[in-house]
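First up is the structure itself, then whatever we jot down about it.
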Amino acid sequence: MSEQDLAGKVAVVTGGGRGIGRSIALYLARAGADVALCSRSNGEIEAVGEEVRALGRRALAMAVDVAEWEPVESFARAVVAEFGRIDILVNNAGGGFEVTPLAESTPQGWREAVEINLFGTYHMIRACLDDIPAGGKIINITSGMGLEPRPGNSSYSAAKAGAHMLTRCLSLEIWDRGIDVNDIIPGLVATTNVDWAKDRSSVESVLAEFEGKSPPFAPSERVKHPDELGELVLWVASMPAGGPTGQSFSLARRPF
Amino acid sequence: MGNLSGKVALVTGGGRGIGRSTAIALAGAGADLAVCSRTQAELDEVAEQVKATGSDCFTGVVDVTDRAAVERFCAGLVDHYSRVDILVNNAGGGLERAVVAEADPDLWRRTVEVNLFGTFLFTRTLLEHISDGGKIINVSSGMGLKAGMQASAYNVAKAGVHIFTECLANELWPRRIDINNLVPGPVATSTFNRDDPSARTPTADILARFAEAPPAHFPEFERVKHPDEVGKLALWMALRPEGGPTGQTFSLARRPL
């Protein structure tokens with residue numbers, strides 16, 4: 001485990017209140033990182049902040065809507081004031097699904113998906129970048145939906161495709177600062193926002209529904225525990241300087 | 001880092017470079033190894049290094065484009081171990097380095113045969129002996145995802161490997177066999193250094209040569225890596241749990257592909 005030693009590092013995880021974001025925060029904290037968390041509502045991130053502190057690390061939790069520039073900037077300033085810098089930025093906040101064909105979409109719903117998934121990622125990077133030192137890592141949680149067209153959810157697909165391209169462009173702009181930026185593609189994960197589970201009241205209820213079987217729309221997929229994403233983010237965050245940049249690391253079980 | 005004891009892994013082109021590093025990394029995690037390459041002396045060195053970790057090592061001299069030789073080697077391997085859990089299709093190389101207008105048709109064809117047909121042939125021959133829940137790792141290349149110049153045969157062959165991986169992932173998931181591409185990026189190997197086969201340059205010398213900057217056909221932000229870094233990634237891929245990623249590409253490159 002010596003290679004996954006993040007002692008003294010500062011990590012920021014957006015959408016860190018539950019599901020994948022919570023698992024990521026706890027994996028990074030267990031490896032030794034102090035963790036700043038944000039999400040739109042306060043209660044859940046406070047609880048995750050307490051879990052981080054219980055591991056002996058420092059934590060900062062703030063209610064921030066990453067779709068809005070000013071709160072993001074205030075959050076970044078607060079993190080730097082508290083911890084001095086940002087070594088690992090994980091842009092995990094996402095969602096805002098408007099699951100409708102474009103012909104039935106509302107401009108507001110369509111725009112919201114782009115604002116959370118694409119602008120949220122951009123806002124966080126823009127606000128944090130000056131305070132990310134050499135050896136820093138930026139990890140964007142994207143989606144296979146941003147790589148492969150499917151009907152019925154064009155706002156999310158377009159936003160994730162944009163985030164994927166943002167990763168690739170940024171890698172070319174900041175390599176000479178020693179900062180690596182990569183995507184992570186989760187595939188299907190048991191979280192409480194999935195629309196394909198009957199009972200999505202908890203991670204456990206979703207996992208139970210799909211134990212030993214796949215959702216009908218994706219027979220080759222396996223519904224994963226969010227901790228598998230925490231483990232992958234920790235692995236990418238622990239890469240030595242000069243490691244991969246501008247790449248995508250996927251846990252999906254379908255070619256994209 | 002994890003445990004492959006009781007597993008059997010085959011690494012093609014395992015005599016030197018990325019293949020050797022991969023074989024030793026897998027053996028270090030407890031796997032028994034099978035290794036083939038074209039050069040007996042290199043196989044002897046690898047076998048010694050593998051056995052030093054306490055693992056068994058089955059070796060054979062094979063040209064991966066020679067169907068009879070591949071089938072003979074695989075038959076011997078199955079005889080020895082009775083199955084394969086991890087197949088690493090690593091054998092490859094760029095033989096034709098002229099622009100298309102000047103390319104030698106025989107070298108062009110041979111480049112495709114070594115990189116693409118060899119990968120198919122080992123997979124085809126061993127598939128019925130690969131355990132359900134096993135792993136196939138195809139060493140692909142960024143050059144298979146992005147065109148360059150003076151290497152069209154290699155570009156095309158690796159692009160073929162890339163899509164072959166995806167096709168196979170679609171076919172094999174019911175057997176829980178996961179198959180993924182590994183993109184190494186530039187690595188300090190004799191192939192990368194374009195050595196004459198009669199005079200192979202040591203890894204340390206290649207690393208020193210490119211310590212400041214990669215060769216001109218790579219962007220300045222690429223880093224020439226030690227083959228052990230790729231062996232480590234191959235080991236990580238081999239250690240994914242059943243139901244892990246399949247049909248995906250894991251890359252150490254530093255340029256968007």
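Residue numbers begin at 1 in each chain, while the letters A, B, ... track the order of the sequences.
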Structural part of A:Asn182 lying under 4.5 Å from a heavy atom of chain B: neither
Leading residue by heavy atom contact count with chain B [cutoff under 4.5 Å; candidates A:Gly242, A:Pro219, A:Ser171]: A:Gly242
Proximal component of B:Arg254, with respect to chain A [non-hydrogen, under 4.5 Å]: both
Most chain B-contacting option - heavy-atom pairs closer than 4.5 Å, from A:Gly187, A:Pro244, A:Cys169, A:Ser248: A:Pro244
B:Phe250 and A:Phe249 aromatic ring geometry - parallel, tilted or perpendicular at 30°/60° bounds: tilted
Atom group of B:Asp178 that falls short of 4.5 Å from chain A, counting heavy atoms: side chain
Toward chain B, the part of A:Leu232 with a non-hydrogen atom under 4.5 Å: side chain
Option that, when pairs with chain A are counted at under 4.5 Å, heavy atom only, ranks first among B:Glu166, B:Lys225, B:Glu229: B:Glu166
Gap separating the OG atom of A:Ser250 from the CG atom of B:Asn180, nearest 0.5 angstrom: 8.5 Å
From OG1 (B:Thr246) to CD (A:Glu221), nearest 0.5 Å: 10.0 Å
Neighbour count >12 (heavy atoms, 6.0 Å) for atom CZ, B:Phe210: yes
Under 3.5 Å donor-acceptor, A:Gln247 side chain and B:Leu252 backbone: no
B:Arg124 atom CZ, over 12 foreign heavy atoms within 6.0 Å: no
Segment of B:Leu233 engaging chain A (4.5 angstrom heavy-atom cut-off): side chain
A:Arg222 versus chain B, the contacting section by heavy-atom distance below 4.5 Å: side chain
Heavy-atom pairs under 4.5 Å with chain A, option from B:Arg255, B:Glu222, B:Arg176 with the top count: B:Arg255
Distance in Å, B:Phe221 CZ paired with A:Leu172 CG, rounded so as to fall on 0.5 Å steps: 4.5 Å
CZ (A:Arg126) with more than 12 external heavy atoms under 6.0 Å: no
Heavy-atom neighbours of B:Arg20 CZ exceed 12 at 6.0 Å: yes
Flag if over 12 foreign heavy atoms under 6.0 Å of NZ, A:Lys137: yes
Heavy atoms from other residues, nucleotides or ligands near NZ of A:Lys9 exceed 12 (cutoff 6.0 Å): no
Main-chain N/O of A:Arg254 paired to B:Gln248 side chain as donor or acceptor, under 3.5 Å: yes
Atom group of B:Thr165 that falls short of 4.5 Å from chain A, counting heavy atoms: neither
